[in-house]
A.B. asks: 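Following this message is one structure expressed as structure tokens.
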Amino acid sequence: MRRILVTSALPYANGHIHIGHLVEYLQTDIWVRFQKLRGQRCVYICADDTHGTAIMIRARQEELGEEELIARMKRAHIDDFAGFDIEFDHYGSTNSQATREVCEEIWTALRKAGLIDEREVTQLYDAQAGTFLADRFVKGTCLKCNAPNQYGDSCDKCGAHYSPTDLIDPVSTLSNTKPEIRTADHLFVNIEKLHGFLDQWTQGEKHLQPEVANYLKGHFLCEPLRDWDVSRPAPYFGFEIPDSPGNYWYVWFDAPIGYIGSTVEWCQKHDERFDDWWRSPETEIHHFIGKDIIYFHTLFWPTMLKAAGFNLPEKVHIHGFLTVGGEKMSKSKGTFILASTFLDHLDPSYLRYYYASKLTARMDDIDLNFEEFVAKVNADMVGNIVNLASRTARFAGQTGLSAEYPDDGGLFAKAAADGQAIAEAYESGDFARAIRIIMAAGDRANQYVEQQAPWKLAKDPTKTDRLRDVCTVGLNLFRQLAVYLAPVLPRLARQTGELLGDPIVSWDQSQTPLLGIVVNKFEHMMRRVDPRQVEAMVAASAEPAEDDSPPESIPFDNDAPLLAEPLAETIGFDEFAKVDLRVARVLSAEDVPGAKKLLKLTLGLGGDNRLNVFAGIKGVYKPEELVGRLVICAANLTPRKMKFGTSDGMIVAAGGGGGEVYLLAPDHGAKPGQRVH
RNA sequence: GGGCCCGUAGCUCAGCGGUUAGAGCAGGGGACUCAUAAUCCCUUGGUCGCAGGUUCGAUCCCUGCCGGGCCUACCA
């Protein structure tokens, strides 16, 4: 029996679980359930990741203590996971005594190994907020291309990289004040000293998927590894470093240590010896993570474990991101779906199955396509698998199952033999392959039922024995598949156990038919999905950007605007069609010296097509908040000479003028140059 | 700029140095009526991104190009 410790990446206590997170937790949960079903000793450990600047800031914004914030979020996370049948053996927190102690232990080991260096670091400091600023909390003008409103580390206009201290006119996004430059002593882990070890660990012995190993080789390991800054000066929400008062461990130092800290708690609760799990050649550690945190888990983390004498991971399983409908999840499109919203509308088994049918051992992104989602749930799960039980269990309710397994033309034996390939697929993380094999077996079983036509046998009183045999085959083929699917569909496994009075607890149950038993009353095991449920879920998730979300109820609007500006006279379509309105992107916006109301805008219609437009919106919009956004412009107006230059068109806005100007904007997805019809 | 990965039927994907390249869904036709309008049978559909090379033989290996995605460390 193998001894396996499995982790998923710790969810950050700054937000709720969404369907993107669930790719990982479901993938891990399925793998863990598979191991347990196979009889392995397997423990699934996770925890909330609770430290860092973002938590500190959020707690401040919500006027909560950090402890209260992370406690609330942990409860929410646990509920979400439970709702999807994700079963941890222990769910802890990085903000725990156990994690603190392991941090200290690893820190001491790193010191002892001479891997810690101390160096001065210059950083921006927000005096008003009283904190050093991480890069993403600073905005300013790019020193290379002068693009305004760029984050602290790099410019997304020209791609330049720089230090936030080099930004022109830096502004803290926390307080909108100008930060000052301060220096502080930081502590670094000199991981270059373990370069040789990392080369060997990442490139040999299959601890990583080949594409990950290649990526690391071509990206990090081909040059000296840079030191890793693991300390942050106060104020910081985290653990203070014992031998460096006033400094705290950076959140990414203690996050993976949370795996160990959480294991310590589990050991205490279950009277297990800690060393059996993290300091034993008998134990395999398996981490499941997303491709966004590769280097923490494949470079820094092995370094820490190696230095402190803990087990190294047997394997780091890395998955890609989730897209929805081929695009990034989007709040405004309603595809940023929270776990809790999903559960409000749909059965968690649907997502478990859908993800399983798409997940492979590679770190490819997977796409959630709603049409396919509905098709797979209805065709595979209900139409194929559950249907097997549905179409035979009722007949079998009268007769029970035969005492001996009838001749089924080798179907049971074939599916039993498939177990090997299915198990290998699960083991390697290629759940999609496992599902394909299972579905093919389901197809064969449905063909069998079709050929035997139990509904005809049922009408002939002399064929009761034959009917019982056919149902015995049908239900056993179904049960076999329920066993194979048990890691993915624990509820279906439980229901199958109840139907046949024999709980599914072991993979081996797929190898022997169940005979001579009574079949309980059949009840629906899984509902078909109605596409309208999916639509409702998307609608409930839609949260248009900014503040123009649809109100709960339709508000009453008075007629003042219409009175102020009555409808114009009726025109024909032809006249309307003469106006060529286009989507345009504001490429630049600047004050016009001497003008009271005008801003000078350069509008891009895609490619090199540009319009210069003077717009009377000064004082309502600031130039910097216009740059980059999409507007609608009248593009075929005769150019008009104005005092400050020629205007090639107009941008379209609502409002009665004065301070009331509301620029119109297309919904997300519109492209510059598209005509408005 | 550099790196990693991908490009196979309308869609999602299998496959793989060797007979006529597969599945599911979608489309077309038929059967059945036990089952959650489920199931079964038949069927339409592909110059395996493009161009070279290696080979007796390439969708599969190599090179180049085109197209797409992601990453590019003291942000996560």
Side-chain angles (χ1 to χ4, degrees), chain A residues 9 12 14 49 52-54 119 121 123 133-138 151-154 159 161 163-164 186-189 191 209-220 222-223 225-232 250-252 255 290-296 299-300 320-321 323 326 328 357-358 360 362-369 371-376 378-384 386-395 430 432-433 435-437 439-440 442-443 445-459 467 470-471 474 522 524-530:
Chain A
Y12 200 44
N14 192 26
D49 178 18
T53 313
R119 224 176 37 235
V121 168
Q123 247 189 314
L133 295 166
D135 292 352
R136 63 202 168 100
F137 293 118
V138 185
Y151 282 105
D153 52 347
S154 65
H161 290 262
S163 159
H186 282 231
L187 296 157
F188 293 79
V189 180
I191 68 168
Q209 291 126 292
E211 66 266 38
V212 178
N214 290 343
Y215 159 73
L216 293 172
K217 191 161 92 183
H219 213 89
F220 300 105
C222 58
E223 55 188 19
L225 295 157
R226 298 210 194 149
D227 295 347
W228 181 32
D229 185 351
V230 290
S231 76
R232 294 293 182 275
Y250 172 48
V251 56
W252 262 109
K291 64 183 182 181
D292 51 336
I293 53 177
I294 288 177
Y295 70 76
F296 292 104
L299 299 176
F300 300 140
F321 295 141
T323 56
K328 273 180 144 175
S357 78
K358 308 271 289 188
T360 69
R362 285 204 306 259
M363 66 164 179
D364 299 340
D365 291 351
I366 68 168
D367 185 50
L368 168 55
N369 175 289
E371 231 171 276
E372 186 193 32
F373 174 83
V374 171
K376 275 197 191 248
N378 289 344
D380 293 1
M381 286 208 294
V382 181
N384 187 346
V386 173
N387 188 39
L388 271 176
S390 183
R391 65 196 307 200
T392 51
R394 271 177 257 257
F395 297 124
D430 195 348
R433 175 192 292 274
I435 296 292
R436 277 197 304 275
I437 301 171
M439 287 305 137
D443 286 339
N446 270 303
Q447 285 162 23
Y448 172 85
V449 175
E450 195 74 21
Q451 283 158 13
Q452 301 303 321
W455 56 92
K456 285 182 186 161
L457 300 174
K459 286 172 188 158
L467 175 63
V470 169
C471 291
F522 180 78
H524 274 201
M525 292 176 159
M526 196 177 292
R527 301 250 156 234
R528 292 168 58 79
V529 199
D530 185 328

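Side chains are part of it too, since the values below use all heavy atoms of this structure and drop only hydrogens, waters and symmetry mates. Lettering follows sequence order; numbering is per chain, from 1.
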A.B. asks: Return the set of residues passing salt bridge (Lys or Arg N to Asp or Glu O under 4.0 Å) with A:Asp229 (not counting sequence neighbours), or none when no residue passes.
C.D. replies: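 Scan of A:Asp229 (salt bridge (Lys or Arg N to Asp or Glu O under 4.0 Å), adjacent residues dropped) gives A:Arg232.
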A.B. asks: Would you mind reading off the distance between A:Ile435 atom CD1 and B:C13 atom C1', rounded to a whole angstrom?
C.D. replies: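 Rounded to the whole Å, the gap is 14 Å.
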A.B. asks: Between A:Thr392 (side chain only) and A:Leu388 (backbone N and O only), is there a donor and an acceptor less than 3.5 Å apart?
C.D. replies: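 It does hold such a pair.
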A.B. asks: Could you work out which one of B:A73, B:C75, B:C13 sits closest to the side chain of A:Lys358?
C.D. replies: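 Of the candidates, B:C13 comes closest.
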A.B. asks: Taking any heavy-atom pair under 4.0 Å as a contact, classify A:Arg119: base, sugar-phosphate, or nothing.
C.D. replies: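 No contact at all - A:Arg119 keeps every heavy atom at 4.0 Å or more from the nucleic acid.
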A.B. asks: Which atoms form the tightest heavy-atom contact between A:Asn378 and A:Val529, and what is the distance?
C.D. replies: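 A:Asn378 and A:Val529 have their closest heavy atoms at OD1-N, 2.7 Å.
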A.B. asks: Mind calculating the distance between CG (A:Leu216) and P (B:U72) to the nearest angstrom?
C.D. replies: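 After rounding, the gap between these two atoms is 13 Å.
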A.B. asks: Tell me whether the count of non-hydrogen atoms from other residues, nucleotides or ligands lying under 6.0 Å of NZ in A:Lys217 goes above 12.
C.D. replies: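 Atom NZ in A:Lys217 is not packed in, count stays at 12 or less.
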A.B. asks: If you measure from the P atom in B:A14 to the same atom in B:G24, how many Å do you get, rounded?
C.D. replies: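 Rounded to whole Å, the distance is 16 Å.
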A.B. asks: Do A:Ile293 and A:Trp252 have side-chain heavy atoms sitting under 4.5 Å apart?
C.D. replies: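 Touching, per the 4.5 Å side-chain cut-off.
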A.B. asks: Roughly, in whole Å, what's the span from CD in A:Gln452 to C1' in B:C40?
C.D. replies: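 These atoms are roughly 13 Å apart.
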A.B. asks: When rounded to the nearest 0.5 angstrom, what distance separates CE in A:Met363 from OH in A:Tyr215?
C.D. replies: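 Spacing of CE (A:Met363) from OH (A:Tyr215) equals 7.5 Å.
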A.B. asks: Between B:G52 and B:C13, how many Å separate the two C1' atoms, rounded to a whole number?
C.D. replies: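 Per the computed distance, 29 Å lies between those C1' atoms.
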A.B. asks: Take A:Thr360 and A:Ile366 through the side-chain contact (heavy atoms from CB on, under 4.5 Å) test and state the conclusion after the steps.
C.D. replies: CA-CA 9 Å; A:Thr360 69; A:Ile366 68 168; over 6 Å; no
A.B. asks: Please evaluate residues A:Leu457 and A:Phe395 with respect to the criterion side-chain contact (heavy atoms from CB on, under 4.5 Å), reporting the C-alpha separation (whole Å), side-chain torsions for both, the decisive distance (0.1 Å), and the verdict.
C.D. replies: CA-CA 10 Å; A:Leu457 300 174; A:Phe395 297 124; over 6 Å; no
A.B. asks: Between A:Arg119 and A:His186, is there a side-chain heavy-atom distance shorter than 4.5 Å?
C.D. replies: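 Not touching, per the 4.5 Å side-chain cut-off.
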A.B. asks: Sort me out a list of protein N/O and nucleotides 7-9 of chain B N/O pairs below 3.5 Å, or just none if empty.
C.D. replies:
none

A.B. asks: Show each protein N/O and nucleotides 69-71 of chain B N/O combination with a separation under 3.5 Å, one pair to a line.
C.D. replies:
from  : atom 1 : to       : atom 2 : distance (Å)
B:C71 : O2'    : A:Tyr215 : OH     : 2.8

A.B. asks: Would you measure the distance from the P atom in B:C71 across to the matching atom in B:C61 and give it in whole Å?
C.D. replies: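 Straight-line distance between the two P atoms is 26 Å.
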A.B. asks: For B:C13 and A:Arg433 - does any side-chain N or O of the residue sit under 4.0 Å from the phosphate oxygens OP1/OP2?
C.D. replies: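 For B:C13, OP1/OP2 do not have a side-chain N/O of A:Arg433 under 4.0 Å.
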A.B. asks: Determine the interatomic distance between P on B:G22 and the same-named atom on B:U59; round to the nearest Å.
C.D. replies: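 It works out to 14 Å between them.
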A.B. asks: Does A:Gln451 make a side-chain N or O approach to OP1 or OP2 of B:C40 shorter than 4.0 Å?
C.D. replies: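 Answer is no, no contact under 4.0 Å.
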A.B. asks: Say you pick atom C1' in B:C11 and the same atom in B:G45; how far apart are they, in whole Å?
C.D. replies: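 About 13 Å, rounded to a whole number of Å.
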A.B. asks: Determine the interatomic distance between C1' on B:U8 and the same-named atom on B:G67; round to the nearest Å.
C.D. replies: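 Going atom to atom, C1' in each nucleotide, I get 15 Å.
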A.B. asks: Within the structure shown, what part of the strands sits under 4.0 Å from A:Asn214 by heavy-atom distance: base, sugar-phosphate, or nothing?
C.D. replies: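 The answer is sugar-phosphate, as A:Asn214 gets under 4.0 Å only of primed atoms, P, OP1 or OP2.
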A.B. asks: A:His186 has an atom NE2; how far is it from atom P of B:C74, in whole Å?
C.D. replies: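 A:His186 atom NE2 is separated from B:C74 atom P by 13 Å.
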A.B. asks: What one-letter contact string describes nucleotides 24-37 of chain B from 5' to 3', where B marks a base within less than 4.0 Å of any protein heavy atom, S marks contact via sugar-phosphate atoms alone, and - marks no contact?
C.D. replies: -S------SSBBB-
A.B. asks: Given the rule in the side-chain contact (heavy atoms from CB on, under 4.5 Å) test, do A:Asn384 and A:Asp443 qualify, once you have shown the distances and angles that lead to the verdict?
C.D. replies: CA-CA 7 Å; A:Asn384 187 346; A:Asp443 286 339; 3.2 Å; yes
A.B. asks: Do you know the tightest heavy-atom contact between A:Asp49 and A:Ala255?
C.D. replies: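 Result for this residue pair: OD1-CB, 3.7 Å.
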A.B. asks: When we call it a touch if two heavy atoms are under 4.0 Å apart, what does A:Glu223 touch: a base, just sugar-phosphate, or nothing?
C.D. replies: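 Since a base atom lies under 4.0 Å of A:Glu223, the category is base.
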A.B. asks: If you take all heavy atoms of A:Arg528 and A:Val382, which pair is closest and at what distance?
C.D. replies: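 Closest heavy-atom pair between A:Arg528 and A:Val382: CG-CG1, 3.7 Å.
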A.B. asks: In whole angstroms, how far is the P atom of B:A73 from the CD1 atom of A:Ile191?
C.D. replies: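 Rounded to the whole Å, the gap is 14 Å.
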A.B. asks: Please name all residues satisfying salt bridge (Lys or Arg N to Asp or Glu O under 4.0 Å) with A:Asp380, sequence neighbours left out, ordered by chain then number.
C.D. replies: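 Testing A:Asp380 for salt bridge (Lys or Arg N to Asp or Glu O under 4.0 Å), a comparison that skips the adjacent residues, returns none.
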A.B. asks: Can you check the A:Leu225 CG to B:A73 P distance for me, whole Å?
C.D. replies: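 For the pair A:Leu225 CG and B:A73 P, the rounded distance is 14 Å.
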A.B. asks: Using whole Å, what does the distance between atom P of nucleotide B:G15 and atom CZ of A:Arg436 come to?
C.D. replies: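 Checked: the CZ to P distance equals 6 Å.
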A.B. asks: Can you give the dot-bracket line for RNA chain B, where a pair is Watson-Crick or G-U wobble with both atom distances under 3.5 Å, crossing pairs use [ ], and | marks a partner on another strand?
C.D. replies: (((((((..((((....[...)))).(((((.......))))).....(((((..]....))))))))))))....
A.B. asks: How close or far is atom C1' of B:A73 from atom CZ of A:Phe296, stated in whole angstroms?
C.D. replies: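 Between C1' of B:A73 and CZ of A:Phe296: 8 Å.
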A.B. asks: Quantified in whole Å, what is the C1' atom distance between nucleotide B:C32 and nucleotide B:U39?
C.D. replies: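 Per the computed distance, 8 Å lies between those C1' atoms.
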A.B. asks: Can you list the steps and then say if A:Arg391 with A:Glu450 is a salt bridge (charged side-chain N to carboxylate O under 4.0 Å, His left out)?
C.D. replies: CA-CA 10 Å; A:Arg391 65 196 307 200; A:Glu450 195 74 21; 3.0 Å; yes
A.B. asks: Indicate whether any N or O donor in one side chain lies under 3.5 Å from an N or O acceptor in the other, for A:Asp367 and A:Thr323.
C.D. replies: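 Yes.
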A.B. asks: Going by heavy atoms in the side chains, are A:Tyr448 and A:Val470 under 4.5 Å from each other?
C.D. replies: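 A side-chain contact under 4.5 Å exists here.
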A.B. asks: With rounding to whole Å, what would you report as the distance between B:C66 and B:G29 at their C1' atoms?
C.D. replies: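 Approximately 41 Å lies between the C1' atom of B:C66 and that of B:G29.
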